[in-house]
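Here's the structure, in structure tokens; my notes come after.
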Amino acid sequence: MLVKRQDVLKAGGAGLLLGKAAFPAIVQAVNRKPTLRVVGTHVTLQEPIRRRAEQDLGINIEFHPGGSAEVLLKAATDPGAFDLYEQWSNSIRVLWQANAIQPIETRRLTYWEEINDLPKSGRISPDAQIGQGDAPHRLLHIQPNGTLGPKPSGMISFLPYTHNVDSFGYRADAINEGIPYETESWGWLLDPRSRGRVAIINAPSIGLFDLALAAQARGLIRFNDIGRMSRREVDHLFEILIDYKRQGHFRGFWSSVPHSVDLMARGDVDIESMFSPAAARLRGMGIPCVYAAPKEGYRAWYGVMCLSSAVDDERKEAAYAFMNWWLSGWPGAFIARQGYYISNPQRAKQHMSAEEWDFWYEGKPAENAMTGTDGKMVAEPGEIRRGGSYLKRFENVAVWNTVMDTYEYTLTKWKDFLLA
């Protein structure tokens, strides 16, 4: 049975602050290790993370990774199938409206006060543009009437943890390398010269914005607010996209990071929607994949860790321990090596070498060869991370991953697009 939203809100902040030190007492009390079930994508559900968390927390952890659309559907329709859900902020409206997740109490989060301003205000710095669409602070706090909003309440809809800005990757041996923030453009995804060599992520609330940014960059359409497209704008956009598809412009639609890597590694595509770990993995394989810094700005996302509305008490304790573990330092340092950021970076810094911090967060030239999470080289000495520093990248956000008011309608249009 799903927990009633009103009952959870009335319950307030029941429970004690749980840190790593408190967790063994739970294990001893029940004389067995609880098993925590985590559903999400391949981006964060990686085996080294699972093994380290099990070792540090003394619990069993099951990771169930899948494609973006697949795991969102699973979580929204069957909250009893998971304890924690890891994905991106565009999941939140869907999961909250489906009663699939419950509030997280900030007083039980050991490092809540260390989380920086980005998820709390939408800005990484005072001069940064917030970006259109669902900036994380607009979805973070649970309001007294049960809706999601920016006003702090002591209860949140998700733990803000990993985050990044996304764009597209392209092969420098097939497409002339551009200049970050100057010549690289989302419009390249719809450049006729790449016809038949383009791939897009098969996720309506993500791929839609990649293509909308591309169409707008090429002057094919102009949105009043790209994060809140009208039904008429959606219709016009898909008329353009379906025309491109019928001309054979798109080589494929990928559903997971490994799938996107395979498409470029096999030589099927020269340019595609891409996540940072895929570009790093391809470079580690010796493929000259460039991860673009578009002059129009990035499509940004914020990682969300959500608590199932159907979780039992024992697994809830384990879930809070796991959430606290994620912000304890080591995980943030690990995820930095695939190009992702953590919401309390200063703690992760303690687990990174000075050279790593300077390269991944400060945007400085690599003093030594930089390796990814798989141990393979992703940057040579002297190389600068494309897009620059953490601040620079998040000061250039065009739009956040978003579930718009026209979301249900865009699902139908996306399906028509795939079948065209």
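Side-chain atoms are counted along with the backbone in the values below, which use heavy atoms only and exclude waters and symmetry mates. One is the number of the first residue; the rest follow in order along the sequence.
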> Using 4.0 Å as the upper bound for N to carboxylate O, is an ion pair formed by Arg108 and Glu317?
Replying inline: yes
> Arg283 and Lys376: side chain to side chain contact (heavy atoms under 4.5 Å, CB included), yes or no, with the steps?
Replying inline: CA-CA 9 Å; Arg283 288 195 300 274; Lys376 295 181 179 179; over 6 Å; no
>> Strictly distance-based, threshold 3.5 Å: is any side-chain N or O of Glu86 a donor or acceptor partner for the main-chain N or O of Leu84?
In response: no
> Any side-chain donor paired with an acceptor under 3.5 Å for Tyr170 and Glu272?
Replying inline: no
> Between the side chain of Arg393 and the main-chain N/O of Arg386, is any donor-acceptor distance below 3.5 Å?
Replying inline: yes
> Could you walk me through whether Val198 and Val269 pass the side chain to side chain contact (heavy atoms under 4.5 Å, CB included) check?
Replying inline: CA-CA 5 Å; Val198 180; Val269 302; over 6 Å; no
>> Tell me the closest heavy-atom pair linking Glu383 and Phe359, and the distance in Å.
In response: O-CE1, 3.4 Å
> Just checking, any donor-acceptor pair under 3.5 angstrom between side chains of Trp301 and Asn164?
Replying inline: no
>> When you measure from the side chain of Asp166 to the backbone of Arg299, do you find a donor-acceptor pair of N or O atoms at a distance under 3.5 Å?
In response: no
> For Pro79, does its backbone N or O pair with a side-chain atom of Ser308 as donor and acceptor, under 3.5 Å?
Replying inline: yes
> Partners of Met377 by side-chain contact (heavy atoms from CB on, under 4.5 Å), sequence neighbours excluded?
Replying inline: Ala369, Glu380
> Quick check, are the ring centers of Tyr341 and Tyr302 under 6.0 angstrom apart?
Replying inline: no
>> Hydrogens and angles aside, do Ser273 and Asp210 bring a side-chain donor and acceptor to less than 3.5 Å of each other?
In response: yes
>> Check the orientation of His141 and Trp112. Use parallel for under 30°, tilted for 30 to 60°, and perpendicular for over 60°.
In response: perpendicular
> Does the side chain of Glu105 reach to within under 4.5 Å of the side chain of Ile156, using non-hydrogen atoms?
Replying inline: no
> Considering residues, nucleotides and ligands other than Arg266, do more than 12 of their heavy atoms fall under 6.0 Å from its CZ?
Replying inline: yes
> Are a donor atom and an acceptor atom from the side chains of Gln132 and Trp400 found within less than 3.5 Å of each other?
Replying inline: no
>> I'd like to know if the side chain of Thr406 reaches the main chain of Tyr409, judged simply by a donor and an acceptor atom lying under 3.5 Å from each other, with no hydrogens or angles considered.
In response: no
>> Is the shortest side-chain heavy-atom distance between Pro331 and Trp325 below 4.5 Å?
In response: yes
> Gln129 side chain to Val397 main-chain N or O, any donor-acceptor pair under 3.5 Å?
Replying inline: yes
>> Using only atom types and a distance under 3.5 Å, with no angle test, would you say the side chain of Ser343 pairs donor to acceptor with the backbone of Pro160?
In response: yes
>> How close do Glu233 and Arg222 get, counting heavy atoms only, and between which atoms?
In response: OE2-O, 4.0 Å
>> Restricting to non-hydrogen atoms, name the atom on Lys316 and the atom on Val311 that form the minimum distance, rounded to 0.1 Å.
In response: N-CG2, 3.6 Å
> After noting the C-alpha distance and the side-chain angles of Arg93 and Asp134, does the key distance pass the salt bridge (charged side-chain N to carboxylate O under 4.0 Å, His left out) rule?
Replying inline: CA-CA 10 Å; Arg93 290 192 190 278; Asp134 285 340; 3.0 Å; yes
> With a cut-off of under 6.0 Å to the ring centre and 45° to the axis, is Arg337 in cation-pi contact with Trp360?
Replying inline: no
>> Give me the atom names and distance for the closest heavy-atom approach of Ile92 to Ser157.
In response: CG2-OG, 3.8 Å
> If you measure only the distance, is there a donor-acceptor pair under 3.5 Å linking the side chains of Ser185 and Glu296?
Replying inline: yes
> Strictly by modelled atom types, are Ser153 and Gln143 linked by a side-chain donor-acceptor pair under 3.5 Å?
Replying inline: no
> Under a 4.5 Å cut-off applied to non-hydrogen side-chain atoms, are Ile226 and Met229 in contact?
Replying inline: yes
>> Taking the ring centre of each residue, are Tyr244 and Phe417 less than 6.0 Å apart?
In response: no
>> For Ser276 versus Arg385, what's the shortest heavy-atom pair and its separation?
In response: OG-NH2, 4.2 Å
> Can you tell if the side chain of Val38 reaches within under 4.5 Å of the side chain of Leu36, non-hydrogen atoms only?
Replying inline: yes
>> Trp96 vs Ile101, test: side chain to side chain contact (heavy atoms under 4.5 Å, CB included). Steps then yes/no.
In response: CA-CA 6 Å; Trp96 188 252; Ile101 57 175; 3.8 Å; yes
>> For a quick check under 3.5 Å, do His64 and Glu62 share a side-chain donor-acceptor pair by atom type?
In response: yes
> Heavy-atom distance under 4.5 Å between the side chains of Val71 and Phe82, does that happen here?
Replying inline: no
> How about Trp88 and Phe158: are their ring centres within less than 6.0 Å of each other?
Replying inline: no
>> When you measure from the centre of the six-membered ring of Tyr181, is the NZ or CZ of Lys392 closer than 6.0 Å and no more than 45° off the axis?
In response: yes
> Is the cationic atom of Lys295 (NZ for Lys, CZ for Arg) positioned less than 6.0 Å from the six-membered ring centroid of Trp186 and within 45 degrees of its normal?
Replying inline: no
>> Determine whether the aromatic ring centres of residues Trp414 and Tyr407 are separated by less than 6.0 angstrom.
In response: no
> So, does Ser167 use its side chain to make a donor-acceptor pair with the main chain of Ala292 at under 3.5 Å?
Replying inline: yes
>> Tell me whether Lys74 is salt-bridged to Glu70, with the criterion being a basic N under 4.0 Å from an acidic carboxylate O.
In response: no
> Rounded to the nearest 0.5 Å, how far does CD of Glu47 lie from CZ of Phe63?
Replying inline: 8.0 Å
>> Any heavy-atom pair between the side chains of Phe168 and Val290 that's under 4.5 Å?
In response: no
> How about Leu148 and Leu140: do any of their side-chain heavy atoms sit closer than 4.5 Å?
Replying inline: no
> Going by atom types alone, do Thr147 and Asn145 pair a side-chain donor with an acceptor below 3.5 Å?
Replying inline: yes
> What distance separates Met264 CE from Ile271 CD1, expressed to the nearest 0.5 Å?
Replying inline: 7.5 Å
> Which atoms form the tightest heavy-atom contact between Asp270 and Ile175, and what is the distance?
Replying inline: O-CD1, 4.0 Å
> Between Leu109 and Ile104, does a side chain to side chain contact (heavy atoms under 4.5 Å, CB included) hold up when you go through it step by step?
Replying inline: CA-CA 9 Å; Leu109 299 176; Ile104 295 169; 4.0 Å; yes
> Distance only, no hydrogens: is a donor on one side chain within 3.5 Å (strictly under) of an acceptor on the other, for Gln87 and Tyr85?
Replying inline: yes
> So how far is it from Phe322 CZ to Arg315 CZ, rounded to the nearest 0.5 Å?
Replying inline: 14.0 Å
> Given side chains that start at C-beta, do those of Glu114 and Pro345 come closer than 4.5 Å, heavy atoms only?
Replying inline: no
>> So, taking the atom named CZ in Arg251 and the one named CZ in Arg195, what distance separates them when rounded to the nearest 0.5 Å?
In response: 16.0 Å
>> So, taking the atom named CG in Asp225 and the one named OG1 in Thr402, what distance separates them when rounded to the nearest 0.5 Å?
In response: 9.0 Å
>> Taking the ring of Phe394 and the ring of His163, is the distance between their centroids below 6.0 Å?
In response: yes
> So, does Thr110 use its side chain to make a donor-acceptor pair with the main chain of Asn324 at under 3.5 Å?
Replying inline: no
>> Would you compute the distance between atom CD1 of Ile124 and atom CD1 of Ile130 and round it to the nearest 0.5 angstrom?
In response: 12.5 Å
> For Ile115, does its backbone N or O pair with a side-chain atom of Lys120 as donor and acceptor, under 3.5 Å?
Replying inline: yes
> In terms of side-chain geometry, is the basic nitrogen of Arg228 or Asp405 positioned less than 4.0 Å from the acidic oxygen of its partner?
Replying inline: no
